[in-house]
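Here's the structure, in structure tokens; my notes come after.
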Amino acid sequence: MSDPVGKLPSELDQLPDRDTEETAEWAASLDAVAQAAGTRRAEYLLRRTLQHAEAAGLALPKLLETDYVNTIPTAAEPEFPGDEAMEARITAWNRWNAAAMVTRGSKYGVGGHIATFASAAWLYETGFQHFFRGKEADGSGDQLYIQGHASPGIYARAFLDGRISEQQLDNFRQESGGNGLPSYPHPRRLPWLWEFPTVSMGLGPLSAIYQARFNRYLQNRNIKDTANSHVWAFLGDGEMDEPESTAALALASREQLDNLTFVINCNLQRLDGPVRANFRVVQELEAQFRGAGWNVIKTLWGSAWDELFQLDTTGALVRRLREVPDAQFQTYATRDVAYIRQHFFGANAELVQLAGVLSDAKIAECFHTSRGGHEPRKVYAAYKAALEHKGAPTVILAQTVKGYTLGAGFESKNANHQMKKLTIDEFKSMRDKLGLPIPDSAFEGGQVPYGHPGANSPEVQYLNERRAALGGPAPARKVHHVALPAPADRSFAPLIKGSGKQEMATTMAFVRLVKDLMRDKETGKRWVPIVPDEARTFGMESLFPSAGIYSPLGQTYEPVDRDQLMYYKEAKDGQILNEGITEAGAMADFIAACTSYATHGEPMIPFYIFYSMFGWQRTADQMWQLADQLGKGFIVGATAGRTTLTGEGLQHADGHSHLIASTNPASLNYDPAFAYEIAVIVKDGLRRMYGEQPEDVFYYLTVYNEPKVQPAMPEGVEEGILKGLYRFNQASDLENAPAADAAKIQLMASGTAIHWILEAQALLAADWNVAADVWSATSWGELRRDALECDEALLRGEVRTPYVTRALEGAAGPVLAVSDWMRQVPDQISQWVEQDYTSLGTDGFGLSDTREGARRHFGVDAQSIVVAALAQLARRGEVPASAVKEARERYGL
């Protein structure tokens, strides 16, 4: 094979060159420019040509980086429509009160962040004055994902418009006494203001993408007109290091989510120091977003830089800006002009010449404070361009100075994230810089005052007029409750009556129930099935042709299985969200659907089904986000338990998700054993979450892939199913019941373990003359929740008996609890069980084996349960001690 080195690219191209002479002329022209004007000129021409080609829509690879300058030059900025002086005064008041609130709170040791909002104030204020649509506008308004550390500035603005009182500002981060403000955007803590919790970094950008996508889902399914809703996500450049921040960038561009804008505050600092100390985070982010297909707008330099760029006739300044790493530029912002002249302009003769015509004041202004993110005209131009861009989402990279206007002690300092207060002298200096009419006498007593121009002041009138024009206050969360009618009983009937002689896994029972519920005329369209690419594993392929898989493009190809009954059908109005292999993405989808009742006034009923091991363990942070956002829906952990998923082994064997789920106060956790239990739980869940008096809870159900005969529902067990425990049968019900004077024990199990204790019940009766009653524990967590509430009531002087205590009252013998989970799961209720209590579980790591082999390994199969039961009875003297050894030998344990 010949060596291709040195050959023209066209010679290596697979496509034939139809005009080699023309190609040679282009190459020769480029060579001539490089020889005559230098390689820098040749590079410039190539970049400009590629930019022109991109703008013209030619199918060429995009430039991943552009020059380190503003995307929108000053000459191309649109006319600013507002009163810039008035908006500057409003912003000054917000800056002041944000800093005052945190400083005043610092004396109580509650902390707070000042520098983030100080750098981003104009990014927010320009949006509030001119772009962010409120809830009173047509449709649902805009969705705002506020950067968590900027919350003081949002509270300050709500104080200015009268929605928050001075007392509330003083109770920042002090909520327990009432009338306080949460530290960050927490909808559960301040549900009239915050829509989205964002401070768990990385979840804001991920959720914003899926919210924008869900808006389109509602639109394409003709549920809600969301055409005028725009999603704005405010992020920090340091936050972009979180993997969740960039996990779904390709999804946003692939689905052309031009209803989405990221605003990344590039103050070049994260929590401990520079974001990219030796590199340039702005250029890195530009390449990352452009490579993913986003429209990128860089708003880097303030108007003071215009003179410098006009003088840069050789491109030396632009090249130097691309060379300087973030940490060095941060240093320039804190050093004197002499240092900047030496270390920045002294890099080459061209820059020395340029600096020679610049005054010290100009250099200080440019390098210390003049950033695009601090100028409303430049921010306005970027936002307007973002809204006008079609066919792709937009990211705005806005450069700012962290701690801007807070004084030299804060600005661009590595430690400013941990700095929680200003001194009185620093406040007075800030007051003078902002031009606020706050007299020295207001600082008497050493306390910094809040500032307000007055409810009837021109500033407040202007603010309210702008918000009225844009559809009301923002941010704001409003719930217009729409109760959903209960589905017809016929949807639940097949599970209630059982499966006869046919075996059915509880996973299939749940899918069958939802499939029937999706046919309901009233609420069927509101179901949102969500699955991360294993729908067939869970038996959901029957939903493909009937419900369709959502795709904004519909189906542009002929599926390979089109001639089959359950073929892979994608549709623009598809109901299923099949997310690919991304549990985090599926959870973000779920959260958007769970909170549609508030975001859009359209209650949706999502169920997110996944491998049990890959839910809470992987995305528990998002489960807390779901709870904080007051989401409602069904999370379904399928192929649940440590031993039911045969052969997959350790990383697939879930024995602890119910333990993790029990830590979330909003999660109602059930481990149903039978199909009818699923029917009862889902029916009541629909009532509790979507009925006349909706609760801010969500459900976690675990279902199993082990086919079993599903019995019909016994009479009178509904209450026990929902509260968490009921007696499924008694020893006296057995065909060969033990003698009346036989030793007695209570066997209790959840989920698939019910079948092990039923077998153990029969063995105890036949082989050992032991009478065992069988109990189905549908929810260890709900039993514990009820018991804790009873304990709390007792401290108030109310005597209440826990349900689990009442249910087991009078039950003879000890209690043995068994599950396919770690023993801590059933042990949650032990202190409220009056009988002797012990448990069996699947503690330790999972392993690859058959179900029978794994259960024998963990000591939870029927024979092991018999031995454990005999051991309990032997300790009480109710069976001979020798029975334990004899049983082990008989069963080969």
Side-chain angles (χ1 to χ4, degrees), residues 33 36-52 54-55 63 65-80 84 88 122 126 266 268 280 282-283 286 296-326 328-329 332-333 335-385 396-401 404:
V33 171
T39 57
R40 291 173 180 171
R41 177 61 181 170
E43 291 169 1
Y44 174 82
L45 289 176
L46 279 176
R47 287 200 306 271
R48 290 300 298 269
T49 301
L50 284 172
Q51 289 170 349
H52 180 79
E54 182 181 331
L63 286 171
E65 286 188 35
T66 60
D67 286 331
Y68 202 56
V69 297
N70 293 349
T71 302
I72 304 172
T74 301
E77 290 172 5
E79 182 179 353
F80 187 75
E84 195 166 350
W122 276 113
T126 304
C266 297
L268 312 186
R280 290 156 297 282
V282 170
Q283 299 299 91
E286 178 185 29
V296 178
I297 298 174
K298 292 196 289 191
T299 303
L300 307 179
W301 311 112
S303 55
W305 284 83
D306 289 349
E307 180 183 347
L308 277 67
F309 289 125
Q310 289 170 3
L311 294 170
D312 181 31
T313 57
T314 65
L317 175 62
V318 173
R319 288 192 298 274
R320 180 65 176 139
L321 289 173
R322 292 191 65 178
E323 294 171 356
V324 177
D326 285 355
Q328 186 61 51
F329 211 90
Y332 293 147
R335 297 298 178 89
D336 58 26
V337 172
Y339 180 92
I340 298 170
R341 286 186 183 276
Q342 177 185 352
H343 292 277
F344 181 85
F345 291 102
N348 59 62
E350 293 171 310
L351 289 175
V352 170
Q353 183 178 1
L354 187 152
V357 300
L358 297 174
S359 66
D360 284 357
K362 172 60 71 173
I363 292 176
E365 181 183 9
C366 287
F367 283 81
H368 290 171
T369 60
S370 183
R371 304 292 186 271
H374 296 324
E375 297 193 9
R377 288 178 176 272
K378 296 191 180 298
V379 176
Y380 179 87
Y383 287 5
K384 187 172 187 291
I396 296 169
L397 304 175
Q399 192 163 152
T400 65
V401 172
Y404 180 62

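Since this is a predicted model, take the numbers as computed values, not measurements. The first residue in the sequence is number 1, and the count goes up from there.
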With the side chain counted from C-beta on, respond yes when Trp301 and Leu308 share a heavy-atom pair under 4.5 Å apart, and no when they do not. no
With a sphere of 6.0 Å drawn around OH of Tyr44, does it hold more than 12 non-hydrogen atoms of other residues, nucleotides or ligands? no
Using a strict cut-off of less than 4.0 Å between a Lys/Arg side-chain nitrogen and an Asp/Glu carboxylate oxygen, indicate whether Arg280 and Glu65 qualify as a salt bridge. no
Beyond-backbone contact of Tyr380 with Glu84, side-chain heavy atoms, under 4.5 angstrom: no
All heavy atoms of Ala364 vs all of Val337, minimum pair found to be CB-CG2, 3.8 Å
For Ala382 and Ile297, which heavy atoms make the closest approach, and how far apart are they? O-CD1, 3.6 Å
Nearest heavy-atom approach of Pro73 to Thr71 is CD-O, 3.3 Å
Give the minimum heavy-atom separation between Ser370 and Ala304, together with the two atoms involved. OG-CB, 3.3 Å
Less than 4.5 Å apart, side chain to side chain, heavy atoms only: is that true for Arg47 and Asp67? yes
Go through the steps for Glu350 and Arg319 under the test salt bridge (charged side-chain N to carboxylate O under 4.0 Å, His left out), then give the verdict. CA-CA 11 Å; Glu350 293 171 310; Arg319 288 192 298 274; 3.4 Å; yes
Look only at the side chain of His374 and the backbone of Val401, and say whether a donor-acceptor pair between them is shorter than 3.5 Å. yes
Validation row, ring centre Tyr68 to ring centre Trp305 under 6.0 Å: no
pair Phe309-Val318: side-chain heavy atoms closer than 4.5 Å: yes
So do the side chains of Phe80 and Val379 get within less than 4.5 Å of each other, counting heavy atoms only? no
Which atom names give the shortest non-hydrogen contact between Ala333 and Arg371, and what distance separates them? CB-NH2, 4.1 Å
So do the side chains of Thr66 and Val296 get within less than 4.5 Å of each other, counting heavy atoms only? no
Pairs involving residues 352-365, ordered by first then second residue, that meet side-chain hydrogen bond (donor to acceptor under 3.5 Å, both in side chains) (sequence neighbours left out): Arg341-Asp360
Mind checking whether Tyr332 and Val324 have side chains closer than 4.5 Å, heavy atoms only? yes
Under 3.5 Å donor-acceptor, Arg322 side chain and Gln283 backbone: no
Minimum-distance pair of heavy atoms, taken over all atoms of Lys384 and Pro78: CD-CG, 3.9 Å
Residue set satisfying ring-ring contact (aromatic ring centres under 6.0 Å, His included) with Tyr339, at least two apart, ordered chain then number -> His343
Are any of the side-chain heavy atoms of Gln399 and Leu268 separated by less than 4.5 Å? yes
